[in-house]
Every structure is written in C-alpha cells, then in structure tokens.
*Asks:* 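Quick one: the structure is below, and I'll ask about it shortly.
First listed ligand is number 1; within each ligand, the first listed atom is number 1. The basis for the numbers below is simple: all heavy atoms, side chains too, and nothing from hydrogens, waters or symmetry mates. What you see is a predicted model; the values in this text were computed from it and never measured.
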Amino acid sequence: MPFTPFHMGPGILVKGPQQGGFSLITFGLAQVLIDLEPLYVIATGKDFLGVPGHLHGISHTLLGATLVGFIAGLLGRPLTHLGLRILGQSQFIPVPWRVIWWSAFFGTYSHLALDAVMHRDVEPFAPWSRWNPLVGLVSVGTLHLFCFATAALGTVIYFGLQFRRKVSVGS
Ligand SMILES: [Zn+2]
C-alpha cells in the first residue's frame, strides 16, 4: 500500500516515550522508500524483478527490508539534521547513528509486518520461501484501528512528556 500514513502509527508510538532517541524522519523515509516498488508496479505493471502484477515484490521481503533499511539510514541522517535545523532544534545535531539505524530498521521491518498481515502477495522469506505466516492474522479494520491507536497514543505521550519537561524547567 504505497505511502499510506497508517504505517506511521507504530513509529509515532515509539517516538512518544523515546523523544530524541528515535528519528521519526528516518522512520518516515523508510516507509516511502520501501513502497517505491509497489509504486513502480502501479506505473509499469511489473515488480523490480520483472514479475507482472506482483505489487509487493523484493522490497517487501526480509532481505529487501534490510537493504532498504540501510539506504533509509544513510539518507535519513542528513535529512533528520535538515529537519532539526528547520525546526530550530540544532542542539540535537549530530543525531547518533544508533538512533538512525534503530529508526530505519524499525521502519522497514514494522512496515513489512503490517503489509504481510494485510496483503496475500507479501512473501517475507522470498527467495527461499513463498510462505507468509502473518496474512489474515487480524482483519484490515483491526489493523487500521491498531495504527490509528498507536499514532494517537504516541502523540499524547510525546506532548505529555514535552509539557512535563517545560513545567519542571519552569519551576
Ligand atoms: Zn508497503
């Protein structure tokens, strides 16, 4: 499912308590990069390996998600620094690499897991196996509710902690 905001839910939930320990920009970049292949399929009718009509190809496997995670990490760090500068938060630069890698790989693997539940054509263990153990684990409605709830909860925790910090600094 190309570029759906629903994938941001688990990242926002982690961002809430972790604050500067998680890069939501890198996480978001991972969501966009991993869905370039489905977008390519929609445009050309074939996946990256040339399989016609296979929406979730190599990018939506453990192998592909690992590769995309590396790319998201490498590109995510300068993008995160740019974002922090724009937001006037330059005191957090440089963001440690461990924060970037955690955000990038949590991004691609959580994306893969969510898509594997929702889409029958996701094959996490390809090219070794076509088995998708997660498909249909919960209904699509439940999955969307989960993504919405994690996003909402993460937002409340994030701003709650920010507010508490401001109060404790002010007192
Ligand atoms: Zn996807």
*Asks:* For the Zn ion (ligand 1), find the closest N/O/S atom belonging to Asp115 and write down its atom name.
*Replies:*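 The atom in question is OD2.
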*Asks:* Determine the interplanar angle of the His7 and His111 rings, folded into 0 to 90°, and report it as parallel if under 30°, tilted if 30 to 60°, perpendicular if over 60°.
*Replies:*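 Ring orientation, 0 to 90° scale: parallel.
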*Asks:* Parallel, tilted or perpendicular for His144 and Phe6, by the 30°/60° rule?
*Replies:*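 Ring orientation of His144 relative to Phe6: parallel.
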*Asks:* Do you know which of Asp121, Thr108, Asp115 makes side chain to side chain donor-acceptor pair (under 3.5 Å) with His60?
*Replies:*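 Considering Asp121, Thr108, Asp115, a side chain to side chain donor-acceptor pair (under 3.5 Å) with His60 is found only for Asp115.
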*Asks:* Is any N, O or S atom of His119 under 2.8 Å away from the Zn ion (ligand 1)?
*Replies:*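 Checking the Zn ion (ligand 1) against His119, no N, O or S atom falls under 2.8 Å.
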*Asks:* Would you say CZ of Phe125 has more than 12 non-hydrogen atoms from neighbouring residues, nucleotides or ligands within 6.0 angstrom?
*Replies:*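 Buried by this count: over 12 neighbours within 6.0 Å.
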*Asks:* What N, O or S atom of Asp35 is found closest to the Zn ion (ligand 1)?
*Replies:*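 Nearest to the Zn ion (ligand 1) within Asp35's N, O and S set: OD1.
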*Asks:* Hey, can you tell me if Trp97 and Trp101 have their rings parallel, tilted or perpendicular (30° and 60° cut-offs)?
*Replies:*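 Parallel: the ring planes of Trp97 and Trp101 meet at under 30°.
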*Asks:* Please state whether the separation between the Zn ion (ligand 1) and some N/O/S atom of His7 is under 2.8 Å?
*Replies:*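 Checking His7: none of its N, O or S atoms is under 2.8 Å.
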*Asks:* Which N, O or S atom name in His111 marks its closest approach to the Zn ion (ligand 1)?
*Replies:*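 For His111, the N, O or S atom at the smallest distance from the Zn ion (ligand 1) is NE2.
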